[in-house]
Amino acid sequence: MEHEASMTTSVDNIEFNSNKDPKTDCEKLGLNWIDVAPEVDEEIINLLDAELAVRLRVLPIAIESGRLSIAMLNPTDIEASDEVATITAYPITRCGMDKQIFSDLMRNYYGTTAARMAESLAGTADEADTIDHNIDAIETDNILVMAEQPTLINLVNLLLLEAIQQRASDVHIEPFENELKVKYRIDGVLVEQTPPPKHLQPALTGRIKIMSSMNIAERYVPQDGHIALRFEGRKVDIRVSTVPTLYGESVVMRILDKSTLPLDLLSLGMDQAMQDKMDKLIAKPHGLVLVTGPTGSGKTTSLYAALNKLYDPRKKIITIEDPVEYELNGINQIPVNPKRGLTFAAGLRSILRQDPDIIFVGEIRDGETADIAIRSALTGHLIFSTIHTNDAVSSIGRLVDMGVEPYLVASVLEGVLAQRLGRKICTDCKKQVPLSPDLSHRLTPEERQFFNDGMWVGEGCDKCSNSGFRGRIGFFELVTIDPKVRSAISENRTASVLTSLLSESHITMRQDALSKASKGVTTIGEVLRATQDVDSDF
């Protein structure tokens, strides 16, 4: 328990402003409120180093009449202003500032704070050369001492802080022979960051393992852990995984920020017509509804949105997941634990004894789970689950391949949603340009008509870190099982036959994605990248 307490203390600095209305506090205290970004001299910025400014959540902005004015996310934080006064030797005038302006100014004037701190920790080249880079030779006690150094703790905190601020879904720390790489996955793409020096590797890895309650003495087997912290007044969960590599342990921290989870299908990018069909599917009293796609395509998020819409205190909703990614209010969620015998199949059997109305099975991975899920749907339960296939129709064949009888699939399956994720064009820098020849030849004549006026691209700006993209959106294909398709499934017809039986109004994933590209939501390149394995004819 002492270990958990120290972990909580070490990540407290990551919590930014938890004050719900700092502007009101400023008015009550008679403090100035700043809602227009000021110009600040470099000499004034240099009064505080980056680490201190981030930790205290303050920004020096001006010196007037011998007093230092500081902008604060929480203007009632007297301790922070007192510390600034002690360090700078100036009397302090506190000001409140709009949160977005504050964040922008911190990035503009202090840059990448974690990178700056890593550079300060690097020491001289001679000092680094004296470090023994053989990880095996470093004793556990030494790693523990290094990992508990305040500056190292702050470096890890800032790595996580910046990742959350940049909307990263995960942080990768990868060891190589002569360097240590740090990458953030932003909008599904890995972006390399300024790396810490190689000699910090044992301490950095050790600190993360301490925070996630792992065994720092064990360096030769994979480990999993969990970090819970607060950021801007909200809870952020981080799933941590380590695996041994040739040059030390590779660390991946997956950031699960519930506040960024869009819990409605429109926010995920589904158009109203398709959402109306999906609403009819999930409103059925029993049956099986599947969501399919590769890893990282947002399948679980879509089903969370469906469960959120279905939530009713009069219904018993239970999920079994591996692992539980986000906590849903009012819904019983069970994490899979194979080490203790709690698999999807075993958990699903136990769930049925809980008299549920709706069941969400995280993934149908094997014949046993598929068989129990099918039979549960036959006995009057509404079952949601995910499955890994390239498109909606092929998921039917996958169930049959797992050993489920075709007539049983035909009896219970109500619909299949296939999806991918593509990056959204940054709204601050998007523009329309002529359709490029290399993209044009990859489109059919009918598809090119969508882009007679040109295609949309993002030029790159400060808001999107010059990538041209900001955020992601779903590309969807929904297959509802009508009597013709149901009959063909029971006869074990091929995927091509099933596809030919779909209604003329059926919208493929490629069509849905190209429609979004023609409206300037995403780019043609993103559509082709995300859907190339779905429409192999092109």
Dump the intermediate steps for side-chain contact (heavy atoms from CB on, under 4.5 Å) on Ser169 and Ile255, then the final yes or no. CA-CA 5 Å; Ser169 59; Ile255 299 169; over 6 Å; no
Side-chain contact, heavy-atom cut-off 4.5 Å: Glu414 with Thr480? no
Determine whether the side chains of Arg448 and Ser440 contain a donor N or O and an acceptor N or O closer than 3.5 Å. yes
Which atom of Leu417 lies closest to which atom of Phe476, heavy atoms considered: CD1-CD2, 4.0 Å
Out of the candidates Arg254, Arg185, Arg239, only one should pair with Asp170 under the salt bridge (charged side-chain N to carboxylate O under 4.0 Å, His left out) rule; please name it. Arg185
Hey, is Glu368 close enough to Arg349 for a salt bridge, meaning N to O under 4.0 Å? yes
Please round to the nearest 0.5 Å and tell me the distance separating atom OG of Ser103 and atom NZ of Lys99. 7.0 Å
When you compare the side chain of Lys430 with that of Val457, does any pair of heavy atoms fall below 4.5 Å? no
Less than 4.5 Å apart, any side-chain heavy atom of Val240 and any of Ile238? yes
Partner of Lys516 under side chain to side chain contact (heavy atoms under 4.5 Å, CB included), chosen from Ile425, Asp271, Thr522: Thr522
Would you kindly say whether Asp512 and Ser515 are connected by a side-chain donor-acceptor distance under 3.5 Å? no
Between Lys181 and Ile173, is any pair of side-chain heavy atoms under 4.5 Å apart? no
Checking Ile164 against Leu161 for the side-chain contact (heavy atoms from CB on, under 4.5 Å) test, could you report, in this order, the C-alpha distance in whole Å, the side-chain angles of both residues, the deciding distance, and whether it holds? CA-CA 5 Å; Ile164 296 169; Leu161 170 69; 6.0 Å; no
Residues Tyr304 and Glu321: side-chain donor-acceptor under 3.5 angstrom: yes
Do the side chains of Ser241 and Val251 get nearer than 4.5 Å, heavy atoms only? no
SB check Asp482 Lys484 (cutoff 4.0 Å): no
Going through the checks in order, is the side chain to side chain donor-acceptor pair (under 3.5 Å) test met by Gln419 and Ser302? CA-CA 9 Å; Gln419 67 180 74; Ser302 293; 2.6 Å; yes
Pair Glu526 + Arg423: basic N to acidic O under 4.0 Å: yes
Just by modelled atom types, is the Ile216 backbone N or O under 3.5 Å from a matching donor or acceptor in the Glu218 side chain? no
Exactly one of His172, Glu174, Glu192 should register a side-chain hydrogen bond (donor to acceptor under 3.5 Å, both in side chains) with Lys183. Which one does? Glu174
Taking atom types as modelled, find out whether Asp237 and His226 have a side-chain donor-acceptor pair closer than 3.5 angstrom. yes
Test: Arg510 and Glu477 ion pair at under 4.0 Å: no
By the definition salt bridge (charged side-chain N to carboxylate O under 4.0 Å, His left out), identify the one residue from Arg314, Lys315, Lys309, Lys316 that meets it with Asp312. Arg314
Considering all heavy atoms, the nearest Ile320-Leu348 contact: CD1-N, 4.3 Å
With rounding to the nearest 0.5 angstrom, report the CG to OG distance, Asp187 to Ser467. 6.5 Å
Restricting to non-hydrogen atoms, name the atom on Arg472 and the atom on Gly188 that form the minimum distance, rounded to 0.1 Å. NH1-CA, 3.6 Å
Check the pair Ile331 / Ile318 against side-chain contact (heavy atoms from CB on, under 4.5 Å), numbers first and verdict last. CA-CA 6 Å; Ile331 294 175; Ile318 305 181; over 6 Å; no
Just verifying a value: how many Å separate Ile359 CD1 and Leu307 CG, rounded to the nearest 0.5 Å? 11.5 Å
In the structure I gave you, are the side-chain heavy atoms of Leu443 and Phe451 within less than 4.5 Å of one another anywhere? yes
Quick one: OG1 on Thr508 to NE2 on His506, what's the gap to the nearest 0.5 Å? 6.0 Å
Close side-chain approach of Leu421 to Phe475, heavy-atom, < 4.5 Å: no
Please tell me if the side chains of His388 and Arg365 come closer than 4.5 Å, counting only heavy atoms from C-beta onward. no
State whether a side-chain donor-acceptor pair under 3.5 Å links Thr389 with Thr292. yes
